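Notes follow the structure.
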Amino acid sequence: MINKTLDEKAFHLLKEKMEQGLLPQWVITDPDIYELEIEKIYGYTWQFLGHETELKEPGSYITRWMVNDPILLVKNRNGEINAFLNSCTHRGTMLCTADRGNKKTFTCPYHGWSFNTDGDLVGIVAGNKVYGEEMCKAEWNLRKVPRVESYQGMIFGNLDVNAEPLEDYLGEMKWYFDILLGRSGGMEVKGLPQRWVAKANWKATAENFAADPYHVQTTHRSTVEMGISPEDPLYAGYGHQVVLENGHGINVITSKTGKARVPFQSMPESIWPLFEEHLSPKQLDIQSRVTVFVGGVFPNLSFVSPIHGTEGHLHNYLNFRMWRPLGPDKVEVWCWFMIDKAAPEEYKDAAYKGYLGSFGPSGTLEQDDTENWARIVEVSKGLMMRDKELNYNNVNNYLMGLGRVEPDENFPGPGVAYPTTYLDAIARSMHEHWLKYISKGLFVKEESK
Amino acid sequence: MNSKLKNKITTELQLEIINFLHQEAYLLDSRKYKEWLNLLTDDLVYRMPLRETVEGVGANNIAEDSAFFEETKKSLTTRANRLYTKSAWVENPATRQRHFITNILVESTANPNEFKVRSYFLFKRSRGSSHTIEEMFGERNDIIRKVNDEYKIAERTIYPDQAVITTMNMSMFL
Ligand code: FES
Ligand SMILES: [Fe+2]
């Protein structure tokens, strides 16, 4: 792949450009780059599989994807969650095609082998007659996802057995996850994630959430026209853009005054005392001032915690989404609604409506996002985007703010926090990590010089 | 069972309701959303749960705990009004859309002014110069109410047949 069309020289030019804050546009949808990404990024990073509240009772299961690997998550009799490759060990048939359910055993429709919730092969049709007594069943158990770990209820898998622990990978993001997911003692997922297919590249969608509040005023201008969002073109820019370790990032959007627009993101007063209980004073300070949290975990998990409503009310919710790559110009979007377990039921219902009215495929904000994502892939494949020397002018300029905005030393949270969200600090960090993964082993010589 | 005779579905009534649904589709396809809102009662319930894949023959595969729409007339009005702004980019330039409404089945209810109406929909749209034709299909279960000699939609539940939606977004009404 890499040797065919993307040689070492090309990587060096890419690196050079990126050091100047320039990202050639062709890399967005290049098919060879895409193959590299799947192998070298998705083969080694932690990927989101689901939330613990999606698996309620023993025997509960959900099916997911790690790009092209079908994954079966099951709660066993002891309440532990296992993740298996959703493929029968006999001839490889997909074992379970349902989105979710509850079972004691999974029986393959092809020849009838069955597996329990621990992935053990427990039944072979006419076993002794076909295979004789000496077959060792334990050798045919379902294949486990090499690494499965969770943090704040978020279950992640990693195909690399030697990967650093999830908590180390999340690094500084943990501190913000503790706010987003742990502020009131835990979140719960409502129902199934919404799923749809968008004409988009996973890097652009991930960047949109992790790094781009600047798009809000224009892409979502219809909400300004409707009188829902403020007129001030800087309204999504107040606050901090925080660059975190490992390509992660978060935008803590406040307001012009630096104070919250609505106290505690309009969460019901009944759960405010829980925030004090679960958050450190510094975390509480941020939670008390934020209007919107929006960010991402490298490579393809994003989140937004806004305040919204289509009926005049304002409610907060937490939306996680995973961009499953289906090709250089296609993603399957998985979109979870989460809400504080401790919130009153009527608040949860109203917040769900607020979510449907803003994000997800039918969300009035999201609809216009998808339009722009599609327009990016529509134009990125052309010859004029493909200059081998990488010095053609048609590059995505992500220089905005480079070296001009200094980090705010007084920001209470971890990470490098810039005092505005209208800059490309997180985008650059994401791209650096992207290059680090796809070029692994390539720059070793000169780095050790 | 007594109401059965009283609310006999006549050919004329059936035709009126079929015409009503075709008229509704015409308004949506012509982007006359304000006129469309006039077809909805003030106490409208408009929902679209997710379809899910579950095991078992005859098992309920509507995910009642998850939705694409959970709307009232007020929230639909917000959604519709947004499509008249200059910057609802998803519909500017506008998508070309058609609602094909078929298999309309009218049943009476205990209320002589309300009818249970089931229909199938096929929604297709085209956007810009894109070669991809986006589509969605499924079933709608409506309660259509006669108010002052006019038909109105009082309740609509939309059941998509796809568990994974293949339109880029859902800026349409179904
Ligand atoms: S492939 Fe599953 S039992 Fe044969
Ligand atoms: Fe957006």
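Note on naming: letters A, B, ... go to the chains in the order of the sequence lines (proteins, then strands), and numbering restarts at 1 for each one. Treat the numbers as computed from the prediction; the structure is a model and nothing was measured.
Ion pairing between a basic and an acidic side chain is recognised when a charged N comes within 4.0 Å of a carboxylate O; B/E91 and B/R82 show no such pairing. B/D42 and B/K74 are not joined by a salt bridge, as no carboxylate oxygen comes within less than 4.0 angstrom of a charged side-chain nitrogen.
Interface remark: of the candidates B/L83, B/D65, B/L50, B/T132, B/D65 forms the most heavy-atom pairs closer than 4.5 Å to chain A. Counting heavy-atom pairs closer than 4.5 Å to chain A, the top residue among B/T166, B/N92, B/T72 is B/T72. The candidate from B/A67, B/A63, B/A163 with the greatest count of non-hydrogen atom pairs under 4.5 Å with chain A is B/A67. Per-residue counts of heavy-atom pairs under 4.5 Å with chain B were compared for A/E366, A/Q194, A/K190, A/H220; the largest is that of A/Q194. The most heavy-atom pairs under 4.5 Å with chain A, out of B/E71, B/E64, B/R127, come from B/R127. For the set A/E332, A/R221, A/R100, the count of heavy-atom pairs under 4.5 angstrom toward chain B peaks at A/R100. Between chain A and the options B/E70, B/E52, B/M48, the largest number of non-hydrogen pairs under 4.5 Å is found for B/E52.
For A/Y352, the part sitting under 4.5 Å from any heavy atom of chain B is the side chain, from C-beta outward, and nothing else. Neither the backbone nor the side chain of A/F359 comes within contact range of chain B, judged by heavy atoms closer than 4.5 Å. With a 4.5 Å cut-off on non-hydrogen atoms, B/N61 does not touch chain A at all. B/T167 touches chain A through its backbone: at least one of N, CA, C or O sits under 4.5 Å from a heavy atom, while the side chain does not.
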Does the side-chain contact (heavy atoms from CB on, under 4.5 Å) test come out yes or no for B/I18 and B/Q14, once each step is laid out?
CA-CA 6 Å; B/I18 291 172; B/Q14 200 171 6; 4.3 Å; yes

Would B/E114 and B/T109 satisfy side chain to side chain donor-acceptor pair (under 3.5 Å), going step by step from the backbone distance to the final call?
CA-CA 6 Å; B/E114 286 189 352; B/T109 68; 4.8 Å; no

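Relative orientation of the A/F209 and A/W373 rings is tilted, given thresholds of 30° and 60° on the angle between their planes.
From A/I228, atom CD1 reaches atom OG of A/S222 across 7.5 Å, with rounding to the nearest 0.5 Å.
In A/Y347, the OH atom is crowded: over 12 heavy atoms of neighbouring residues, nucleotides or ligands sit closer than 6.0 Å.
Judged by the 6.0 Å distance and 45° axis criteria, B/K124 is not positioned over the aromatic ring of B/F100.
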